[in-house]
Amino acid sequence: STPEDTQNTSFPFYVGTYTNADSKGIYKYELHEDGTFSDLGLQASTESPSYLSFSADKKQLIAANKKDPYQGTITAFEISADSLKFNNEMFSGGMNPCFLTTNADNQILVANYGSGTLTHLQLKDDGFLSTKIDVKKHTGKGSTSRQEGPHAHSAYYIPNSEDIVALDLGTNGLWFYTLNKSTNKLVLHPEKTLVMAEGAGPRHLTFHPNNKWIYVLNELNNTVTKIERLTDGGYEIKESTTSLPEGYTENAYAADIHISTDGKFLYASNRGPNTIAIFKVDANTGELTTMGFEPTKGETPRNFSLSPDDNFLVVAHRNSDNLTSFKRDATTGLLTFVDEIKAPTPSCILFE
Ligand SMILES: O=C1O[C@H](COP(=O)(O)O)[C@@H](O)[C@H](O)[C@H]1O
C-alpha cells in the first residue's frame, strides 16, 4: 500500500451552538471515512458561539457570541488537541452577531444582525483580538415585516479581489467595501451596491471556483440568485432559481449555501421543509438545474458543510439537537443519508 492508502481520512470539526437550552458552548466531533460520527465533547464554555471561524494558520478559533438581545462579542481561543483555551473577548460592534469570517491576514469581518452593522477587526500575531475596530452601519429598509431596518447577515472577502461584500437581509441589498490599509477603516463603494428582488432577504453566499459567479441565498423568498463579476470590477444580478419544490406553500426560510470544490453542484438548506436543495451548475452559463431535495432528518437546518474531501455533507439542526451526515455522489451531486448524532442546539459547523 502507498502512504496515501494508510492516511487517516477522518475529519474533526467544531460545532458552534446557541446556549439558551442544554448547550454550554463549542463542541467537537469527528466524521469518519465511512460517514459515521464520533463525539469528542465540549471544547470551551462560552455564551452562544453561533458562528465560528479559524485564524489563517488554524492555531486559533474565533467565535461570534450572539448574546441576544445585548451587545454581542467575539471571542478568540487557542486550539489544542482536546480543548480550546480562552484568549480574549471583544465587543462585536453591534447586536446579535450571527456570522464572521477571517482572511489570510487574520482580518475579521463580523455581521451583526440586530444592529445592521458590519465590523472589521484584527486577530493579532499573539492570537488575541485587537481593541481597534471599525464599524459601519447600513441604512434603509426593505418591503416586508422582517425588513423594517438593516439586518446584516453575513460578509465575505471576495476571492482574487480587494472587495468585501456584506449581505443585509433587512435592507435587501449587497453592500460593497474595501479596507483602507493605512487607516484600517472600511470604505463603502455605493456605486457597486446591489438591490435584490423585492422581499428577497439576502442571507449567505458562495463563490464559484471560476471567480466569475457568486450565488446568493435569499432567506425570505427562498431563491438562489446568480451574481456575475464584471471585467470592470462591478457586479451584476442575473437569474434567480427557487430553493423549494414547485408549488410549495408552507413556511420556509432558506439558511445556508455551499458549492462543491469542482463547481459542479450547489447545495442550499431550507428551514421549514427541512431539506437540502441540490442544483447542478452549468459549466458554461452558471445556470442552475434542480436535481432534487434531500430531507435532512432533523428540524431547522441552519448550517451545513461539505467535508474537506467533498465526499460528505454534514447538517446542523438548531431545533432538533442533532447532526446528520450524507454521502455525496460526485457525479450526480445527490446525497444519501449515513449517520446521525446528538448535538445541543447546533448552529455552525467548521471542519479543521
Ligand atoms: O438575532 C436574531 O437573528 C436571527 C438571524 O439568525 P438566524 O437564526 O435566522 O440565522 C433572526 O432570525 C432573529 O429574529 C433575530 O432575533
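Numbering of ligands and ligand atoms starts at 1, following listing order. Predicted model, so just to flag it, every value in this text is computed and none were measured.
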| query | Within 45 degrees of the axis of the six-membered ring of Phe312 and under 6.0 Å from its centre: does Lys327 put its NZ or CZ there? | reply |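 Judged by the rule, Lys327 and Phe312 form a cation-pi pair.
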Counting each atom of ligand 1 from 1 as listed, which ones have a heavy atom of [X] under 4.0 Å away?
| X | value |
| --- | --- |
| Arg271 | 7 (P), 8 (O), 9 (O), 10 (O) |
| Arg318 | 8 (O) |
| Asn96 | 1 (O) |
| Tyr18 | 8 (O) |

| field | Contact with ligand 1 for His151, non-hydrogen, under 4.0 angstrom | value |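 The answer is no: ligand 1 sits nowhere under 4.0 Å from a heavy atom of His151.
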| said: If the contact criterion is a heavy-atom separation under 4.0 Å, does Tyr51 count as touching ligand 1? | reply: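 The answer is no: ligand 1 sits nowhere under 4.0 Å from a heavy atom of Tyr51.
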| request: Can you label the angle between the Tyr177 ring and the His138 ring as parallel, tilted or perpendicular, going by 30° and 60°? | output: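 Correct class here is parallel.
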| Proximity to ligand 1 by part of Arg146, non-hydrogen separation under 4.0 Å |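 Side chain only.
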| Should the proximity of Arg302 to ligand 1, defined as any heavy atom under 4.0 Å, be assigned to the side chain, the backbone, both, or neither? |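 Within the 4.0 Å criterion, Arg302 contacts ligand 1 through side-chain atoms alone.
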| field | Test side chain to side chain contact (heavy atoms under 4.5 Å, CB included) applied to Asn112 and Val135, step by step | value | CA-CA 10 Å; Asn112 295 287; Val135 182; 5.6 Å; no
| query | Can the ring centres of Tyr156 and Phe99 be said to be less than 6.0 Å apart? | reply |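 Centroid distance Tyr156-Phe99: below 6.0 Å, so yes.
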| field | Heavy atoms of other groups near Asp329 CG, more than 12 under 6.0 Å | value |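 Counting other residues, nucleotides and ligands, CG of Asp329 exceeds 12 neighbours.
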| query | Any side-chain heavy atom of Thr296 sitting closer than 4.5 Å to one from Phe304? | reply |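 No, too far: nothing below the 4.5 Å cut-off.
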| Carboxylate-amine/guanidinium proximity below 4.0 Å for Arg328 and Glu294 |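 Here Arg328 does not pair with Glu294 in a salt bridge, since their nearest N and O are not under 4.0 Å apart.
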| request: May I ask you to check whether Arg203 has an N/O atom sitting below 3.5 Å from an N/O atom of ligand 1? | output: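 Min N/O separation from ligand 1 is below 3.5 Å for Arg203.
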